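Small disclaimer: the values here were computed from a predicted structure and weren't measured.
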Amino acid sequence: MAGDLRVDLFLKMSRLIKRRSLAKEICDAGCVQINGRVAKAGALVQVDDVLTMDIRDRLLRVRVLRIPQRIEGPEGVVEVLPGEVEE
């Protein structure tokens, strides 16, 4: 498990989502994708994966630059990508 992390933990540690319980709820609701595939909370995130989150009419796409070892801000951890909003 050196180069990967559960997606719910990644979202919390990168501060994209403030609480792990909320990250788990969002994942289990099918609002998070890893590389275009719906991801549950236990799915593993690796460097260069593209995460897509569809939360409250907001689409956020990020590329994972590195796996954080502790809670820190998203700067240097993810790269925000332009999102295509499908209507």
Inset, instruction - Using side chain to side chain contact (heavy atoms under 4.5 Å, CB included) as the criterion, point out the one residue from D54, V80, V32, V78 that pairs with L60. - result: V80

Legend entry - Worked check of side-chain contact (heavy atoms from CB on, under 4.5 Å) between V62 and L81: CA-CA 5 Å; V62 297; L81 302 173; 5.8 Å; no

Legend entry - Pairs involving residues 7-21, ordered by first then second residue, that meet salt bridge (charged side-chain N to carboxylate O under 4.0 Å, His left out) (sequence neighbours left out): R6-D8, D8-R20

Legend entry - Separation of L11 CG from K24 NZ (nearest 0.5 Å): 13.0 Å

Inset, instruction - Might you work through the side-chain contact (heavy atoms from CB on, under 4.5 Å) test for D48 and R63, ending with a clear yes or no? - result: CA-CA 6 Å; D48 287 332; R63 179 180 315 280; 4.3 Å; yes

Legend entry - Rounded distance (nearest 0.5 Å) linking atom CG of L65 with atom CD of E75: 11.5 Å

Legend entry - Pair E72 + R66, salt bridge at N-O below 4.0 Å: yes

Legend entry - F10 side chain reached by V77 side chain, heavy atoms, under 4.5 Å: yes

Review item, side-chain donor-acceptor pairs of residues 33-45, under 3.5 Å, at least two apart:
residue	atom	partner	partner atom	Å
N35	OD1	V50	N	2.8
N35	ND2	D49	OD1	2.9
K40	NZ	D28	O	3.2

Legend entry - Spatial distance of atom SG (C31) from atom CZ (R58) [nearest 0.5 Å]: 13.5 Å

Legend entry - Any Q46 side-chain heavy atom under 4.5 Å of V64 side chain: no

Legend entry - Straight-line distance of L9 CG to I17 CD1, nearest 0.5 Å: 13.0 Å

Inset, instruction - Look at the side chain of R61 and the backbone N and O of P82, then say whether any donor-acceptor pair between them is shorter than 3.5 Å. - result: yes

